[in-house]
Amino acid sequence: MKNRRISSRRFRAVGDLLCLRDPRGASRSPSIAVDGGDYVVLGPFLMMQEYRISKEAGIRFTGVTRDPNPIHVHDEIVPGALTVSKSMIPLEILFPRLRIRSLRAKFTGSSFYGQRTVSRFRIAPLRDAGLEVEVETSQSGRTIAKMEILACPGVSAPRNVPAKAAGAEMLSLIRQYLDCLNVDGSVFVDKFGAGEVEFPLGFIASLPSGEMVRKLKGQGGILNMLELEFPPENAPAACEGVPAVEISQERVRSTYNKISARISDGSRTFGRGFALVLAESREPAGSSA
């Protein structure tokens with residue numbers, strides 16, 4: 001049951017307004033129980049997340065994730081990778097004994113800086129103690145993204161690399177990334193160097209967008225869908241700087257392009273999958289709504 005226990009400290013660390021809702025709360029078999037100030041997940045439940053992304057935070061995010069797309073700096077459009085990160089990071093923080101295994105994100109509209117954004121999570125426990133998660137993110141009554149996330153039992157996070165042994169650049173990137181998301185970074189990086197650390201998988205999922213912009217030079221289109229798998233045997237631990245991203249165009253059509261992506265340190269694959277980008281657009285690949 002430890003896999004499904006939410007500590008009050010981690011709940012506060014997310015930084016955004018979070019609300020848990022138990023659809024069976026009034027019954028004899030509730031989905032959420034309270035134990036010593038912590039929450040214990042017993043069945044399917046709902047979670048709402050509310051936040052606003054400032055332009056300053058968005059610009060810092062593009063710097064940390066190496067995304068050169070000008071529409072996120074000069075215009076008012078939130079990076080799609082940031083929208084994905086805002087949905088992945090609560091799961092990585094609230095359930096440290098679980099590990100995200102797969103992500104499927106579909107972008108259905110543009111997200112703008114400064115506007116109230118709401119994500120609604122449907123979270124269902126699985127028999128293997130994992131979680132199946134559906135997320136719908138909206139802004140001003142418009143759905144801007146839908147995601148499916150699978151989390152399975154794994155080792156604890158923060159994990160794999162002692163903070164004192166991790167490179168200074170790696171630690172700095174993690175702290176900057178979490179700061180962009182309004183997250184208490186101490187849940188991933190122990191301030192005194194006693195804990196262990198790895199790149200959040202939300203950070204790994206954010207890297208292909210920028211590489212598409214660089215490699216395709218604005219000819220790829222606008223990101224419509226992103227599917228990634230994160231091999232459980234290869235945690236994104238110590239790296240020299242940012243993990244490398246390899247992309248290639250698998251399929252080119254008049255209406256869309258299919259682009260494969262691999263995120264690794266050269267030998268270990270941290271994430272792999274593909275993106276669908278709408279071909280008929282003046283916006284660069286990776287702009288993702």
Side-chain angles (χ1 to χ4, degrees), residues 14-19 21 46-62 64-65 67 69-92 100 102-123 133-150 177 180-183 200-203 205-210 212-213 220-228 255-257 259 261 273-289:
V14 175
D16 300 324
L17 174 63
L18 289 182
C19 297
R21 180 174 177 269
L46 307 176
M47 181 172 75
M48 188 190 77
Q49 174 192 30
E50 181 178 326
Y51 60 89
R52 296 175 188 265
I53 300 294
S54 69
K55 189 169 185 177
E56 185 269 339
I59 292 173
R60 285 190 289 115
F61 182 88
T62 62
V64 173
T65 58
D67 185 349
N69 195 327
I71 69 170
H72 305 316
V73 176
H74 303 300
D75 296 330
E76 300 298 317
I77 297 179
V78 175
L82 179 47
T83 300
V84 169
S85 286
K86 291 293 284 187
S87 292
M88 290 181 69
I89 202 66
L91 302 175
E92 293 195 78
I100 293 177
S102 65
L103 162 74
R104 185 177 189 271
K106 182 174 178 59
F107 303 95
T108 57
S110 296
S111 177
F112 299 97
Y113 291 127
Q115 293 193 16
R116 176 177 177 266
T117 307
V118 176
S119 290
R120 292 178 171 83
F121 296 69
R122 290 181 174 271
I123 303 176
V133 184
E134 295 180 358
V135 189
E136 182 170 336
T137 302
S138 61
Q139 197 177 77
S140 301
R142 300 175 298 106
T143 299
I144 59 174
K146 293 183 178 181
M147 296 171 230
E148 297 174 4
I149 301 171
L150 177 65
Y177 170 78
C180 293
L181 301 177
N182 192 33
V183 166
L201 290 175
F203 177 80
S206 299
L207 298 178
S209 293
M212 285 190 286
V213 174
I222 187 168
L223 184 60
N224 177 253
M225 183 181 294
L226 177 66
E227 290 196 15
L228 290 173
T255 56
Y256 72 91
N257 297 333
I259 302 171
F274 70 89
L276 292 183
V277 295
L278 302 181
E280 296 180 355
S281 173
R282 294 182 180 180
E283 296 180 6
S287 56
S288 64

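For clarity, every value in this text was computed on a predicted model and none was experimentally measured.
- For the pair T117 (side chain) and Q115 (backbone), a donor-acceptor distance under 3.5 Å is present.
- Atom CD1 of I144 is separated from atom CD of E136 by 10.0 Å, given to the nearest 0.5 angstrom.
- V183 is not listed as a side-chain neighbour of D16, based on a closest heavy-atom distance of 4.5 Å or more.
- K86 is not listed as a side-chain neighbour of S119, based on a closest heavy-atom distance of 4.5 Å or more.
- Judged by distance alone, with hydrogens and angles left aside, the side-chain atoms of T108 form a donor-acceptor pair with the main-chain N or O of T143 at under 3.5 Å.
- Side chain of R52 to main chain of G114: a donor-acceptor pair is present (N/O by atom type, distance under 3.5 Å, no hydrogens or angles).
- Side chains of V133 and M47 form no contact here, defined as non-hydrogen atoms less than 4.5 Å apart.
- Dense packing is recorded around CZ of R142, with more than 12 heavy atoms of other residues, nucleotides or ligands lying under 6.0 Å away.
- Applying the side-chain contact (heavy atoms from CB on, under 4.5 Å) test between L223 and each of V277, I259, V213, L276 identifies V277 as the sole match.
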* Derivation of the side chain to side chain contact (heavy atoms under 4.5 Å, CB included) call for T62 and N69 -> CA-CA 8 Å; T62 62; N69 195 327; over 6 Å; no
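- Put simply, the side chain of D67 does not reach to within 4.5 Å of the side chain of F61, judged on heavy atoms.
- Atom OG1 in T137 sits 6.5 Å away from atom CZ in F121 (nearest 0.5 Å).
- Side-chain N or O atoms of K55 include one that pairs as donor or acceptor with a backbone N or O of D75 at under 3.5 Å.
- Q49 places no side-chain N or O within donor-acceptor distance of the main-chain N or O of S87, the cut-off being under 3.5 Å.
- The closest side-chain heavy-atom distance from S138 to R120 is below 4.5 Å.
- Between F203 and Y177, the ring-plane angle classifies as perpendicular under the 30° and 60° cut-offs.
- No more than 12 heavy atoms of other residues, nucleotides or ligands lie within 6.0 Å of NZ in K146, so this atom counts as exposed by the packing criterion.
- The shortest heavy-atom contact between I59 and H72 is CG1-O, 3.9 Å.
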